[in-house]
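To keep things clear, I will list the structure first and then write my remarks on it.
Remember, it's a predicted structure, so these values are computed and weren't measured experimentally.
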Amino acid sequence: MPPSRMCVPKKSRIGFANRFTTAVLVLVLFVERRRASSLMSNSVDDWVSGSAVICNGIPGLTKEQRDLCYISPDVTVAALKGLQMAIAECQHQFTWHRWNCSSLTASSRTQKSSVLLQRGYRETAFAYAISAAGVAHSIARACSMGRLISCGCDPSSYTGRTPTKARSTHWKWGGCSHNLEYGMEFSRQFLDSREKAGDIQSTVNLHNNQAGRLALANNMQIRCKCHGMSGSCELKTCWKVAPDFRQVGKTLKDRFRGAILVAQSNLGNVTPLTRIRGSRRRRPERRQKKYRPGRDNNAGSKKKKSQGLAKQLFYYQKSPNFCERDPYQDIPGTAGRRCNRTSPGGDGCASLCCGRGYNVVRQRRIERCRCKFHWCCVVQCQNCTVEEWITVCK
Ligand SMILES: *[C@@H]1O[C@H](CO)[C@@H](O)[C@H](O)[C@H]1NC(C)=O
Ligand SMILES: *[C@@H]1O[C@H](CO)[C@@H](O)[C@H](O)[C@H]1NC(C)=O
Ligand SMILES: *[C@@H]1O[C@H](CO)[C@@H](O)[C@H](O)[C@H]1NC(C)=O
């Protein structure tokens, strides 16, 4: 056991964010030091003890995750940043839902302490998918920015398809592509390793992890740069970039709406119960198509359909209504939530307040205003107090 472990009290009260920041700081210092000392013979020892300091400071890792962290502490920290980004995006996408993702934090995501993560709701599916995508996204970018020791720009030359943007000109792959492959693989190793039970919960979680990563992979973008005399664009070089994470969030939000209810057969397979969008005919003898994550589901004539299935989110439990506070279920309820009196949708008081009605309250907030541009180059604003009537759920 490395001696540094003793420095971390088992039930430390320091918040995750603090410990996380410390881990990042330690890592930055440590990586720099390792770069400086990489020519010296003791760098391996440094690496091992530095990893232990970082990895033992991260709460809630499983043994597999901790082992992975010892080998690649810098990638693990990028993975945790990806989880934080994923949760922030989840909160953005669900701002106007009764369940608004506020009960998830990056530490609950590694510790599975949130009850919701141990259920089979649509919301659970979304949380798993966006986390897996966030981890892959964060690492893919960090690789190409040269922040990680074990990976760099995507080395593959994509011999396959010509990017649409590059058609009709001479072009080649060049520049620095975000390393999607590496990010996807680490996301698999880091998150999928938690799901070994083989029951419906882990089977569905594995599926949703992969669906999240696909939402990232299918949204990769191509950037090109022109070469040639004064912008003549005789030749282009193109590279791949991960999309803005908002795009991934939007895609997964669509998948959330169309999530597929599944049930488990006694063989451990998962069977869709709802009709799959885009399938025109429904043949009874084929309806019970088995879907097995990780196997080749693209064989034969059902290729299109099962490719569609891989992208979809799976759930196996009906969601509660998330209306009333229930600490045992990790549900904060919607009392006190701001709502829109006139909206007929999910953000409307009728839906958000679950029929309890709403209060009209005067709210004061401070806004930036009367901004002025000063030469050169600062924008100075004043703080204005805005008072308005808002409606909040009873
Ligand atoms: C989410 O809901 C909780 C409780 O219902 C509330 O305290 C919190 O402010 C909400 N978060 C956002 C971002 O609206
Ligand atoms: C409330 O909802 C209505 C109808 O959807 C919309 O026109 C209005 O802009 C919304 N108000 C706020 C404050 O979001
Ligand atoms: C406006 O408020 C922010 C914090 O809310 C403060 O840092 C800033 O100094 C204020 N600016 C002015 C011009 O008062």
Could you check whether Q380 and R370, counting side-chain N and O atoms only, form a donor-acceptor pair closer than 3.5 Å?
no

Step by step, would you call Y70 with T76 a side-chain hydrogen bond (donor to acceptor under 3.5 Å, both in side chains)?
CA-CA 9 Å; Y70 289 144; T76 304; over 6 Å; no

Under a plain distance cut-off of 3.5 Å, with no hydrogens placed, do N340 and T342 share a side-chain donor-acceptor pair?
yes

Testing the 3.5 Å rule here: is there a donor-acceptor pair between the side chains of S193 and Q65?
no

Please confirm whether F94 and F256 have ring centers closer than 6.0 angstrom.
yes

Are R325 and T334 linked by a side-chain donor-acceptor pair shorter than 3.5 Å?
no

Does either side chain, that of D199 or that of S202, offer a donor lying less than 3.5 Å from an acceptor on the other one?
yes

Do the non-hydrogen side-chain atoms of R223 and K240 ever get within less than 4.5 Å of each other?
no

side-chain contact (heavy atoms from CB on, under 4.5 Å), paired with R337, selected from D347, V392, N100, T391
N100

Does any donor atom in the side chain of Q312 or R255 lie under 3.5 Å from an acceptor atom in the other side chain?
no

Side-chain touch I130/F245, heavy atoms, less than 4.5 angstrom:
yes

Distance-only polar pair, side chains of H227 and E234, donor-acceptor under 3.5 Å:
no

For the pair R119 (side chain) and S319 (backbone), establish whether a donor and an acceptor sit closer than 3.5 Å, ignoring hydrogens and angles.
no

Decide whether R213 and S187 meet the rule of one side-chain donor and one side-chain acceptor closer than 3.5 Å.
yes

Check: D330/S114 side-chain N/O donor and acceptor closer than 3.5 Å:
yes

Measure the spacing between NZ of K196 and CZ of R194 and express it to the nearest 0.5 Å.
10.0 Å

Across all chains, not counting sequence neighbours, the salt bridge (Lys or Arg N to Asp or Glu O under 4.0 Å) partners of D67 are K63

Is the closest side-chain heavy-atom distance between L261 and F314 below 4.5 Å?
no

How are the rings of W375 and F373 set to each other: parallel, tilted or perpendicular (split at 30° and 60°)?
perpendicular

Parallel, tilted or perpendicular: rings of W173 and W171 (30°, 60°)
perpendicular

Do K253 and H97 have side-chain N/O donor and acceptor atoms under 3.5 Å apart?
yes

